[in-house]
Amino acid sequence: MANLIAGMGTSHVPGLGVAIDNGKTQEAYWKNLFLGLEPLREWHRANVPDVNIIVYNDHATEFSLDSYSTFTVGVGESFKPADEGWGRRQVPAMQGHPELAWHLIESAMIDEFDLAVNASMDLDHGFTVPLSVAYGQPSEWPTAVVPICINVIQHPLPTALRCYKFGKAIGKAVASYPDDITVGIWGTGGLSHQLGGERVGVVNPEFDQQFLDNLTRDPLANTRLSHTDFIREAGCEGVEMIMWNVMRGALGDNVTEVFRLYHVPVSATAYGAIILENKKRRNEQ
Amino acid sequence: MANLIAGMGTSHVPGLGVAIDNGKTQEAYWKNLFLGLEPLREWHRANVPDVNIIVYNDHATEFSLDSYSTFTVGVGESFKPADEGWGRRQVPAMQGHPELAWHLIESAMIDEFDLAVNASMDLDHGFTVPLSVAYGQPSEWPTAVVPICINVIQHPLPTALRCYKFGKAIGKAVASYPDDITVGIWGTGGLSHQLGGERVGVVNPEFDQQFLDNLTRDPLANTRLSHTDFIREAGCEGVEMIMWNVMRGALGDNVTEVFRLYHVPVSATAYGAIILENKKRRNEQ
Amino acid sequence: MERDYDDIPGTYLLDSRSYRKGYHVNMFLMSLNKEVCRDEFSKDERAYLDTFQMTDEQKLAVLERRYLDLLKLGANVYYAFKLVSFDRQPPQVMYGQMADPRLTFDEFQQMMHEGGRPIHGNRSVEEWNNG
Amino acid sequence: MERDYDDIPGTYLLDSRSYRKGYHVNMFLMSLNKEVCRDEFSKDERAYLDTFQMTDEQKLAVLERRYLDLLKLGANVYYAFKLVSFDRQPPQVMYGQMADPRLTFDEFQQMMHEGGRPIHGNRSVEEWNNG
Ligand SMILES: [Fe+3]
Ligand SMILES: [Fe+3]
């Protein structure tokens, strides 16, 4: 039986990747943020699962108006970093975990999630930046991955509640996986940000911190928010936070928050990160 | 308010399209079948809705192992017949109905169906053959269409119950559509057929007729069948029948069966067709 | 992993097992939807096949049009049709070739005219073995 | 059809309305993910744009890099980034250009350093009008 050890939430701002790739993390703009991320990286050094299920969104890279699915699970043997308009990001390829991906699909389809299956999708900054945040610049990534792409761009989006329920279905699938492996789950994107229009640059720290508090103490509160609540309060692209609900849903009811960081600004956004350990795991130790 | 007038189920065997396109419908092989279809065509001449929602499946034409979604709704302004390996079928392009398609997507996503949106998909025999069955060879099709592609090829498939529920969500969306239009819904594919393997050519008339009976009298019975039930009893590709559950789910609880045909063989399959009028509509007249 | 449909005889469906086994052969077959690929394949079948990461066994089965073997090697029948269409053959040729026992075009048509292969005796491997 | 987010000021999201209005301009922007398309576009911007069914207004907004107008004409900001990247510019240039009032690169950075645009007063068109 697979063991879901913990969940991480983190923004996936492209600028973070640029800073890491170009050795700028000690420059004035970035220094405090990366200092704040040290305990997160420390945690990741001590807690490397066999597979990370990474919930992200594609940014007009692999999926477009022509063809967009709500929930896409990657079953590929491996995945390449995408060309988003300036060439492929120079990071290692990501090794897939088709066995777990298919198990998850088979389990969640029975639970009435209507999934899309993809074997060839390239992964953009929404996926690769969190890997760099957690693991820095290794010659290869320390874990296999199951990419899950959520449509958070082209409305209608899945509701915040639907995302949480999808997380529950993922948690159930992991628990019923026959092999004895350890698994992590990441939700990416957010927090407050609006990248377009006259209101560009909106940041709402109260909303963001409340969302983070709810993740730990009252996750269902975050499922009662409408898309319009997110957009109004946290900016048009702040709605990416619904992906953190998938991560939270996959964990058990009781979690221990072992890391939190909130930092403004990163580019035009509020950066947030959190690590939640599954309580059950702690008790088992 | 849009009015869903009726549902049709019909197999979509490519051979039917070939027979129609090449003027062979009066040849010995086809004559009885097309004679049997005359009342169906008569009904369609008398009942032309503004839009037909057509539930079909793609046969390794537009969607492949690389990228397959469970439920795909076509929002294109128009759709072309596909090249399935021998050039495009010479039938008119299909006019889309993006307004109804988007309304349906927005409504069903709130009801927790995880849809894929597609603007550019070409439509293969699964879609164009039923149009020819109903309308013959017009210079343009008499109705606009909303194509809904269901994955019935690449397991795991949506369950028979999920398909029925999706139909319910479609019926609800049509009922809440603001414009005063008439709508038809078609389920296509089936009935008994197995196209591959040593058991190729299996036909099970008892199972098929029971399925048709259930559509009229006890539609929930058809939602309790597992994929394995369909495959074992009606052949590997007989599982296409789950698409008829979408059609049936969209209709009201009470329907009047106004046409049924069952004919063996068409190519390697059992051909079936049914027309179910929504009772509510009859009462209103 | 076993599935509850594994005891249905003479039946090959596309699931996660055949998906992975047949990925490249199916992607080759899928490519025949495109005229430009059909042209390439006509020019030199072997050379075109070599542009796909298929096993030699899969390539040979394609070259020799052994359809039942193709299914056993992970191809799905809907993808296999592309090859039948490429050859401008009626599907009954493929059906007859896969049937056990084998059937000619006319024999397959005849079986269908008589109502198709009966379901009785064909529901499970056990029925087959006792048949 | 009205949506409950229509009263959020200075905000352009991709829904069925902007999808249909911006389909071709977004598909043009999307094409810039491909190196071969970026090369075509560099050679002759106007000629490349003419291969898409965009309106003249949309083409001009692209040529003149008027990002706010692009959003008003149906482009989505994630697609618009492709043009910013094509120009090898930092996104803050686009952000500042869209802001009301307009901000230079440094002014935009300064606003973000001070905690970003405050949410208070920016929740609804009504707040804006009363601000
Ligand atoms: Fe993002
Ligand atoms: Fe079919």
Side-chain angles (χ1 to χ4, degrees), chain B residues 13-15 18 29 57-66 68 82-88 122 124 126 151-157 192-207 226-239 264-270, chain C residues 3-5 7-16 18-19 22-23 26-27 29-30 32-35 38 67-68 71-72 75-86 88 90-92 94-96 98-101 103 108-109 111-120 122-124 128:
Chain B
V13 198
V18 176
Y29 187 92
N57 73 289
D58 179 270
H59 303 79
T61 302
E62 180 71 30
F63 304 109
S64 76
L65 285 69
D66 254 3
Y68 226 118
D83 185 344
E84 306 178 45
W86 57 87
R88 294 183 193 275
D122 289 345
D124 78 7
N151 170 22
V152 296
I153 292 181
Q154 182 178 303
H155 292 250
L157 317 180
S192 285
H193 62 305
Q194 172 151 335
L195 306 180
E198 296 90 335
R199 198 180 67 144
V200 59
V202 152
V203 171
N204 186 344
E206 291 76 19
F207 183 87
S226 72
H227 299 137
T228 298
D229 291 335
F230 282 103
I231 296 165
R232 190 185 303 281
E233 294 295 328
C236 192
E237 284 70 43
V239 75
V264 181
V266 173
S267 186
T269 79
Chain C
R3 309 298 159 100
D4 66 353
Y5 46 78
D7 77 320
I8 305 177
T11 298
Y12 303 83
L13 61 80
L14 178 54
D15 63 11
S16 63
S18 48
Y19 178 103
Y23 183 83
N26 283 316
M27 292 311 279
L29 290 162
M30 182 84 187
L32 299 179
N33 285 329
K34 295 210 179 79
E35 196 167 358
R38 296 196 289 269
Y67 287 102
L68 189 58
L71 299 200
K72 288 178 180 170
N76 171 258
V77 70
Y78 283 121
Y79 292 73
F81 276 124
K82 311 296 172 182
L83 191 56
V84 181
S85 299
F86 175 84
R88 303 273 152 179
Q92 286 83 356
M94 175 177 84
Y95 300 149
M98 293 187 300
D100 183 22
L103 302 170
F108 185 83
Q109 292 291 70
M111 176 179 84
M112 291 312 302
H113 265 293
E114 288 165 6
R117 187 183 300 278
I119 191 63
H120 186 70
N122 284 308
R123 284 189 173 90
S124 66
W128 261 19

| note | One option among B:V239, B:I231, B:V264, B:D66 has the most heavy-atom pairs under 4.5 Å with chain C, and it is B:D66
| Do you know the tightest heavy-atom contact between B:T61 and C:N33? | O-ND2, 3.3 Å
| request: Select one option (side chain, backbone, both, neither) describing which atoms of C:N26 are under 4.5 Å from chain B's heavy atoms. | output: side chain
| field | Considering all heavy atoms, the nearest B:L65-C:Y79 contact | value | CD1-OH, 2.8 Å
| Any donor-acceptor pair under 3.5 Å linking the side chain of B:R232 with the backbone of C:Y5? | no
| note | When the 4.5 angstrom heavy-atom criterion is applied to B:H193 and chain C, the contacting part is side chain
| B:Y29 versus C:H113: any side-chain heavy-atom pair under 4.5 Å? | yes
| note | Of all heavy-atom pairs linking B:R199 and C:T11, the shortest is NE-OG1, 3.4 Å
| field | Heavy-atom contact with chain C under 4.5 Å, split by part of B:F63 | value | backbone
| query | How many angstroms lie between CD in B:E237 and OH in C:Y78, if you round to the nearest 0.5 Å? | reply | 4.5 Å
| query | Does any donor atom in the side chain of C:Y12 or B:E198 lie under 3.5 Å from an acceptor atom in the other side chain? | reply | yes
| Quick one: what part of B:S267 sits under 4.5 Å from any heavy atom of chain C, side chain, backbone, both or neither? | both
| message | To check you understand the geometry: which heavy-atom pair defines the closest contact between B:E233 and C:R123, and what is its length? | response | OE2-NE, 2.8 Å
| field | Whether C:E35 side chain and B:D83 backbone form a donor-acceptor pair below 3.5 Å | value | no
